[in-house]
Amino acid sequence: MPKRANVLGASRPKWMEPWLFVSVITALFYMLFLLYPLFTLLSKSVMGADGSFSLMHFKTIFEKAYYGRAIVNSFKVTLAVTAFCVLLATPLAYLTCVYKIRGSRVLEVLVLVSSMSAPFIGAYSWIMLFGRSGTVTRFLKQSLGFVIPDIYGFGGIVLVMSLQLYSLIYMFLSGAFKNMDQSLIEASESMGCTGLRKIVKVILPLLLPTLLSGALMVFMRTFADYGTPALIGEGYTTLPVLVYKSFMGETGTNDSLAAAISIIAVLVTTSVFLLQKFVVGRKKYSMNALNPIRKRSLHGPGAFFAHLYCYVVVALSILPQVYVIYSSFRNTNGKLFVPGFSFNSYRTAIQTVGRTITNTYVLGFISIGAIVIIAVLIAYVVVRRPNPFNATLDVVAMFPETLAGSILGIALLVSFSRRPLLLSGTAFIMILCYTVRRLPYTVRSSSAILHRIHPSIEEASISLGASDMKTFVRVTLPMMLPGVISGAILSWIMIITELSTSIILYTTRTKTMTLEIYSQIIRGNDGIAAAISSILTFSTIIALAAFFKISGKKEINF
């Protein structure tokens, strides 16, 4: 049967195609606001005091124990968190997807909500509960004479981030289980492969690519996190904290040293990203759930322990948000909590720092507007106009996923802190950083829905006399909107909970909620911090509800 000719863009010479112009413009955008800043950062890292080429900053990092210890600390924390997340998420996904767990739908929603808050808010909540003056700590000491282990340092960081980020792997694995064919499991059981042997020999190999993708996301987020180590680390310095201290230190700054540390971090995350892609490429499987997994009932002790595991893990992960919301309604005497409940913390927060709430929403919505426009254009040229140039553009658009927010922020500052393009200190540089860093979510969702729209629909419009652009605006774009809006909502959630980028770029006029929460925690104003944290949590819950309503999905696939 002859192949139907693709009439998209066939009515004019290739060099006159409007989509070629779009490809060039978006490429220039990334060259100016991503590649050029990263190149500037690299140049800064190899620049000596006299402006000549020098590797003295890298030599300093690897010679001085303080810097080497921070690098080792980052690896220890990141690997430990990733391992714990895998150990927590894999059994949880298996139990909720293979067996009938009472309230599993509620558990999924709670896991999702727990994943969308800023990790440092979880650190703040755990400190209020189990810190040296925490509620649980004081109760156990006064009532039972029991002193709990110290929550600060390495253990505290791993605890907080593991309970907050395991949900990412859980969501990846849940999606994979839904695409797994029951026939594979039945075939293995008929051959005598049952129990733990079935899980190790059959199920885990099929899930390995998905598991690695989730583990990569956990690795990247842990490696890039500034707020949690800064709050609960107590001297346990990691690379993001080191970058911040070098670039924004109170006793002096060293831009070149901060740039060198940043380059090391970029090399680490990029290497891990490429290694994961290589492994997944060799272990990739295609699964179609023609016969989806049918959930089975559990009985006896197995049912009890399965339910206990699921409930305890989810309860611990949602506990920080619940306790922060509870604390936001408690009375305070200015700083410390006192008996009684009221809305005083919310009133004080809105009256004194209400501008930060406004800033968060305004900067977030402007960034999302830019993200939607750019993501739609990139998705269209990548999917509908495939060529090596657009494929490269797609890779570049995904690259910010591997960058820590503080590093991208520093790269933009060192690149645009002087004329002719002076952006430092403006709201625009924050919007720019948010846009570049959070674009991948919307590009991915836009491309996914565009793949499901058959080109023949656009071809029919063009054959009836409509131009390429008119067809895109009138036909294609309306069909893409559910996927575009879904991705934009996820991008918006990530923007409003962003700390590491904001803390590098903000001024007093552009302070956001996450920055205000962090400032209030440092000052000891627990009531205001809890109130703003709760507003942020409510914002993410509303956004998630909108995502499910618009997308029609019951889960999120990153």
Do Tyr434 and Ser502 come within less than 4.5 Å of each other through their side chains, counting heavy atoms only? yes

Counting distance only, does the side-chain N/O of Thr442 pair as donor-acceptor with the main-chain N or O of Val484 below 3.5 Å? no

Is there a donor-acceptor pair under 3.5 Å between the side chain of Asn73 and the backbone N or O of Thr237? yes

Ring center gap for Tyr226 and Tyr244 short of 6.0 angstrom: yes

Do the side chain of Thr238 and the main chain of Ser74 share a donor and acceptor less than 3.5 angstrom apart? no

Could you tell me whether the side chain of Thr510 and the main chain of Tyr506 form a donor-acceptor pair under 3.5 Å? no

Are the side chains of Thr512 and Met430 in contact, using a 4.5 Å heavy-atom criterion? yes

Atom pair OG1 (Thr60) and CZ (Phe58), whose distance is rounded to the nearest 0.5 Å: 10.5 Å

Do Gln520 and Val353 have side chains that approach each other closer than 4.5 Å (heavy atoms only, starting at C-beta)? yes

How many angstroms lie between CZ in Phe219 and OG1 in Thr402, if you round to the nearest 0.5 Å? 11.0 Å

Can you find a pair of side-chain heavy atoms, one from Leu211 and one from Phe172, that are under 4.5 Å apart? no

Checking Thr476 against Glu458 for the side-chain hydrogen bond (donor to acceptor under 3.5 Å, both in side chains) test, could you report, in this order, the C-alpha distance in whole Å, the side-chain angles of both residues, the deciding distance, and whether it holds? CA-CA 7 Å; Thr476 311; Glu458 297 163 80; 3.2 Å; yes

Are Ser328 and Tyr346 close enough that a side-chain donor and a side-chain acceptor fall under 3.5 Å? yes

Taking it one step at a time, do Val376 and Leu450 satisfy side-chain contact (heavy atoms from CB on, under 4.5 Å)? CA-CA 10 Å; Val376 166; Leu450 190 56; over 6 Å; no

Going through the distances and angles, do Arg444 and Glu401 end up as a salt bridge (charged side-chain N to carboxylate O under 4.0 Å, His left out)? CA-CA 12 Å; Arg444 191 176 296 165; Glu401 278 193 328; 2.9 Å; yes

Can you confirm whether Leu439 sits close enough to Pro400 that some side-chain heavy atom of one is under 4.5 Å from a side-chain heavy atom of the other? no

Step by step, would you call Ser415 with Tyr36 a side-chain hydrogen bond (donor to acceptor under 3.5 Å, both in side chains)? CA-CA 8 Å; Ser415 303; Tyr36 167 67; 5.2 Å; no

Is the ring pair Phe365/Trp492 parallel, tilted or perpendicular, if the boundaries are 30 and 60 degrees? parallel

Side chains of Ser461 and Thr471: donor-acceptor distance under 3.5 Å anywhere? yes

Are Ile504 and Val243 close enough that some pair of their side-chain heavy atoms sits under 4.5 Å apart? no

Does Tyr380 form a ring pair (Phe, Tyr, Trp, His ring centres under 6.0 Å) with Phe472? I'd like the steps, not just the answer. CA-CA 9 Å; Tyr380 192 86; Phe472 171 74; 5.1 Å; yes

Please determine whether the number of non-hydrogen atoms from other residues, nucleotides or ligands lying under 6.0 Å from atom CZ of Phe84 exceeds 12. no

Given 3.5 Å as the limit, does a donor-acceptor pair link the side chain of Asn525 with the main chain of Ile528, or not? no

Heavy atoms from other residues, nucleotides or ligands near CZ of Phe21 exceed 12 (cutoff 6.0 Å): no

Leu231 and Ile522, any side-chain heavy atoms less than 4.5 Å apart: yes

Rounded to the nearest 0.5 Å, the CG atom of Leu163 sits from the SG atom of Cys85 at a distance of 8.5 Å

Once rounded to the nearest 0.5 Å, what's the spacing between atom CD1 of Ile493 and atom OH of Tyr441? 10.5 Å

Under 6.0 Å from the CE atom of Met469, do we count more than 12 heavy atoms belonging to anything else shown? yes

By salt bridge (charged side-chain N to carboxylate O under 4.0 Å, His left out), which residues pair with Glu516, not counting sequence neighbours? Lys511

Met31 and Pro37: which non-hydrogen atoms are nearest, and at how many Å? O-CD, 4.4 Å

Is atom CZ of Phe39 surrounded by more than 12 heavy atoms (other residues, nucleotides or ligands) closer than 6.0 Å? no

Centres of the Phe29 and Phe33 rings: under 6.0 Å? yes

Are any non-hydrogen side-chain atoms of Leu267 and Ile263 less than 4.5 angstrom apart? yes

Looking at Ser125 and Gly122, would you say the former's side chain and the latter's main chain have a donor-acceptor pair under 3.5 Å? no

Is there a donor-acceptor contact under 3.5 Å from the side chain of Gln164 to the main chain of Ser114? yes

When rounded to the nearest 0.5 angstrom, what distance separates CD1 in Ile350 from OG1 in Thr358? 9.5 Å

With rounding to the nearest 0.5 Å, note down the distance linking CE in Met513 to CD1 in Ile121. 9.0 Å

Passing option when Arg437 is tested against Leu34, Ile495, Ile371, Thr501 for side chain to side chain contact (heavy atoms under 4.5 Å, CB included): Thr501

Determine, step by step, whether Asn390 and Trp19 satisfy the side-chain contact (heavy atoms from CB on, under 4.5 Å) criterion, reporting the C-alpha distance in whole Å, the side-chain angles of both residues, the deciding distance to 0.1 Å, and the verdict. CA-CA 10 Å; Asn390 289 338; Trp19 292 108; over 6 Å; no

